Amino acid sequence: MSVSSPIEIRTCGREPSCDLVLENSTLSRLHARIELTDDGLVTINDAGSSNGTFLNRNDRWIRARKVTLSIGDRIRFGDVEVPLERLTAVFGRRASTRLEARQFPHRHGKGVVQPSAGKADPGPSLNKPRRNPVTGKIEDSTAKHQP
C-alpha cells in the first residue's frame with residue numbers, strides 16, 4: 001500500500017490567517033492542518049495543539065495526531081465539533097475530495113469488517129445495547145416491559 005502525499009494543505013485554528021477560523025478559547029492559534037492527498041482523501045494532522053484533536057469513529061472519541069477521514073467520522077478541535085462537510089469545503093467546490101469507506105469493528109475477532117465493493121453501505125446491523133442509568137445493568141431492547 002503506497003502512502004499518498006498531500007497536494008493541498010489548509011489550516012485550522014483561532015488565528016485569522018487560518019483557512020478555517022474557529023473562535024473558541026479551547027483552540028490553539030494554529031490547531032491543525034487539513035490535507036488533501038493526491039488520491040482525494042482528506043487527512044487531519046494535529047499541529048501540536050494544547051487541547052487536542054479528537055476523532056469519533058464507531059461511537060468512541062479518541063485523541064488523534066493524524067487521521068484520514070472516513071464516512072461517518074466526527075472531528076472535534078478542542079471543544080468544537082466541526083461537520084465533515086465544513087472540513088472538505090476548505091478546498092473549494094472544484095476540489096475532488098472523498099472519504100474512506102466506513103469501517104465497523106468485527107465483534108468476534110480482531111479484524112475490521114468493511115462494506116463490500118460496489119454495494120451501498122447499509123450501516124450497522126446491530127443495535128447498541130442500553131445501560132440502565134439507575135442499576136448500571138445492560139438492558140435487552142427486544143424484551144417487553146411487564147406492567
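Fair warning: this is a prediction, and the values are worked out from it, not measured in the lab.
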Engineer: First locate atom OG1 of T53, then atom NE2 of H31, and finally report the distance between them rounded to the nearest 0.5 Å.
Structural biologist: 3.5 Å
Engineer: Under the criterion side chain to side chain contact (heavy atoms under 4.5 Å, CB included), which of L41, T37, V42, D73 is the partner of T68?
Structural biologist: L41
Engineer: Would you say S49 and N51 are linked by a side-chain donor-acceptor pair, where the criterion is simply a distance under 3.5 Å?
Structural biologist: no
Engineer: Looking at R33 and A47, what are the two nearest heavy atoms and their distance?
Structural biologist: NH1-CB, 3.5 Å
Engineer: Show your working on side-chain contact (heavy atoms from CB on, under 4.5 Å) between L20 and R86 and close with a plain yes or no.
Structural biologist: CA-CA 9 Å; L20 177 59; R86 190 167 178 198; 3.5 Å; yes
Engineer: Taking atom CD of E35 and atom NZ of K66, what is their separation to the nearest 0.5 Å?
Structural biologist: 5.0 Å
Engineer: I need the I7 CD1 to L36 CG distance, nearest 0.5 Å.
Structural biologist: 4.5 Å
Engineer: Honestly curious: do L30 and F77 fall in one hydrophobic cluster under the side-chain, below-4.5 Å linking rule?
Structural biologist: no
Engineer: How close do S50 and S28 get, counting heavy atoms only, and between which atoms?
Structural biologist: N-OG, 3.3 Å
Engineer: With the threshold set at 4.0 Å, does a side-chain nitrogen-carboxylate oxygen contact exist between E81 and R74?
Structural biologist: yes
Engineer: Cluster question for you: counting only ILVMFWY and a side-chain heavy-atom cut-off of under 4.5 Å, with indirect links fine, are F54 and I71 together?
Structural biologist: no
Engineer: Is the closest side-chain heavy-atom distance between F91 and D19 below 4.5 Å?
Structural biologist: no
Engineer: Return the CZ to OG distance between R57 and S70, rounded to the nearest 0.5 Å.
Structural biologist: 3.5 Å
Engineer: Output, in order, the C-alpha distance, side-chain angles, deciding distance and verdict of side-chain contact (heavy atoms from CB on, under 4.5 Å) for L69 and T43.
Structural biologist: CA-CA 6 Å; L69 298 180; T43 301; over 6 Å; no
Engineer: With the side chain counted from C-beta on, respond yes when I9 and I34 share a heavy-atom pair under 4.5 Å apart, and no when they do not.
Structural biologist: no
Engineer: Within this structure, what is the CZ-CG distance for the pair R63 and L55, rounded to the nearest 0.5 Å?
Structural biologist: 13.0 Å
Engineer: Kindly indicate whether the side chain of C18, heavy atoms from C-beta on, has any atom under 4.5 Å from the side chain of C12.
Structural biologist: no
Engineer: Is there a path of hydrophobic side-chain contacts, each under 4.5 Å between heavy atoms of I, L, V, M, F, W or Y residues, that connects L27 with V90?
Structural biologist: yes
Engineer: Do you know which two heavy atoms are closest between D46 and A64, and how far apart they sit?
Structural biologist: CB-O, 3.8 Å
Engineer: Same hydrophobic cluster for I62 and V82, using side-chain heavy-atom links shorter than 4.5 Å among ILVMFWY?
Structural biologist: yes
